[in-house]
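This report concerns only the one structure given below.
This structure is a prediction, so every number in the text was calculated from the model and none was measured. When a ligand or atom number is given, it counts from 1 through the structure's own listing order.
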Amino acid sequence: MKKGKLRNNRDLIREAEKVLVGGVDSPVRAFRSVGDDPIPIKRGLGSQIYDYDGKSYVDYVLSYGAAVLGHAHPYVVNRLNRASLEGFSFGATCAEEVELADLIKKSIPLIEKIRFVNSGTEAVMGAVRLARGHTGRDKILKFTNAYHGHADYFLARGGSGLATLNIPTSRGVPKDFFTHTIITDYGDPKAIGSIFKRYRSKIAAVIVEPVGGNYGVIPPDINFLKKLRQITRQHGSLLIFDEVITGFRLHYGSAAAIFGVRPDIICLGKIIGGGLPIGAFAGSGEIMNQLAPEGSVYQASTFGGNPLVMTAGTATLTKLHSLKKDYNLLTDRVSDICETMEYEAGRKGVALKVNRFKTMFSIRFAKRRQFGSFYRRLLSLGVYLAPSEYESNFISFVHTRDDVEKTKRALGRALGS
Ligand SMILES: Cc1ncc(COP(=O)(O)O)c(C=O)c1O
């Protein structure tokens, strides 16, 4: 099918279904839980995205949190345009890699060395392997409803698409692969105590999203994060913060710094690539130098540190740095949206819970089937949220007061009378 023929949403999705599984390349993009076809997106500018019917939406998905400067920010576009004239990929170290690593290091002081990869999944896989290599232990503790990408040994009791599509454990993963995965509920210090008592010196690392972003927004329990730090240190295990969402999302730097908890390894992704595919894991020189070629923990990739991705990331962080005092403004805008939602729901007698933390928010209806009709109405009113109650929504630096007012009006109307 020629691209010119795919002029509207319906035609494109029908054609997509013939060649892509479910018409999508990631299950979270399917609109199964809202009972509709996915909306294909043709282009984005600032806070707006445009579908193939020519309809525009205020975008709160923002490429699942990556587009913190909105879409096609002119500063990033200019830098990318210039960089693209120099070639796309060489499989060799480049200045842009060093520049981005330096920017990240300066803003997250616990980092001495970093490795760039191509996705958050790869970042977490690298971090876990590194933790195992460093400690000589096998077991990894993760939390129910967290999502750390799609590595085999984490595809159980997870959030994100696993929760949306009700897949408790992915088929295709041998049972044995979960032998070294320990899963417990977030926020239960007693359970952590007994797990460490039971496994003692077998736990290589605890991995945690410092703010839960994959079962809706789960605000942090700072005492629990501190407990994780204390108990991992006591038992010689590492603490991994999965900041694929939270890195540069809550302020200019890591969530770790906000909560005063210093993990051993930090995973990044999304924002640091400015909307191009990226992941990174980082930590002290002592730990990171276990990686090949310095050490014998093997990790490699053809495209890691790709010059175009590094350029988009560097441009994004440079711009973000100049805007860093405005993160509070973004938080205020999210609060405004969430308070309106709560007020309108109360007024209309709709039972729901709005969760938020700084620049992230999510909405969960007491009756699950209510989300679908609410969501579809919201779409028709030009507001694009994540098509699942288990995903987080985000705001960018280019969402305007007008966008927020339009969103508030739409929320009220979408809840019905
Ligand atoms: C906390 C967290 N970790 C890891 C990942 C995996 O990242 P990616 O989809 O880039 O592989 C995600 C994806 O949303 C995430 O939210």
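- When hydrogens are left out, the protein atom nearest atom 16 (O) of ligand 1 is N214 ND2, 3.0 Å; that is the closest non-hydrogen contact.
- By the criterion of a heavy-atom distance under 4.0 Å, the backbone of H148, and not its side chain, is placed next to ligand 1.
- Of all the heavy atoms of K270, the ones lying under 4.0 Å from any atom of ligand 1 belong exclusively to the side chain.
- Across all non-hydrogen atoms, the minimal contact from R79 to T311 is O-CG2, 3.6 Å.
- Set against the non-hydrogen atoms of S119, the atoms of ligand 1 under 4.0 Å away are 10 (O), 11 (O).
- The residue Y64 has no part lying near ligand 1, judged by heavy-atom distances below 4.0 Å.
- Applying side-chain contact (heavy atoms from CB on, under 4.5 Å) to H399 and the options L62, L330, T407 leaves one that passes, L62.
- The aromatic rings of F31 and Y384 sit tilted, their planes meeting at an angle between 30° and 60°.
- In this structure, R115 contributes its side chain and Q299 its backbone to a donor-acceptor pair below 3.5 Å.
- Of all atoms in ligand 1, listed by their number and element, those nearer than 4.0 Å to a heavy atom of D242 are 1 (C), 2 (C), 3 (N), 4 (C).
- For the pair S284 (side chain) and I287 (backbone), a donor-acceptor distance under 3.5 Å is present.
- With no hydrogens or angles considered, no side-chain donor-acceptor pair links S362 and N355 at under 3.5 Å.
- A donor-acceptor distance shorter than 3.5 angstrom exists from the side chain of N9 to the backbone of Y52, with no hydrogens or angles considered.
- Near E209, meaning under 4.0 Å from one of its heavy atoms, ligand 1 places the atoms 1 (C).
- Against a heavy-atom cut-off of under 4.0 Å, I245 is close to the following atoms of ligand 1: 16 (O).
- N8 and D11 form a side-chain donor-acceptor contact under 3.5 Å, judged by distance and modelled atom types alone.
- Proximity annotation for atom 7 (O) of ligand 1: of G279, G247, G269, G120, G120 comes nearest, heavy atoms only.
- The proximity of T121 to ligand 1, defined as any non-hydrogen pair under 4.0 Å, involves the side chain as well as the backbone.
- Residue contact check: G149 has heavy atoms under 4.0 Å from atoms 4 (C), 5 (C), 6 (C) of ligand 1.
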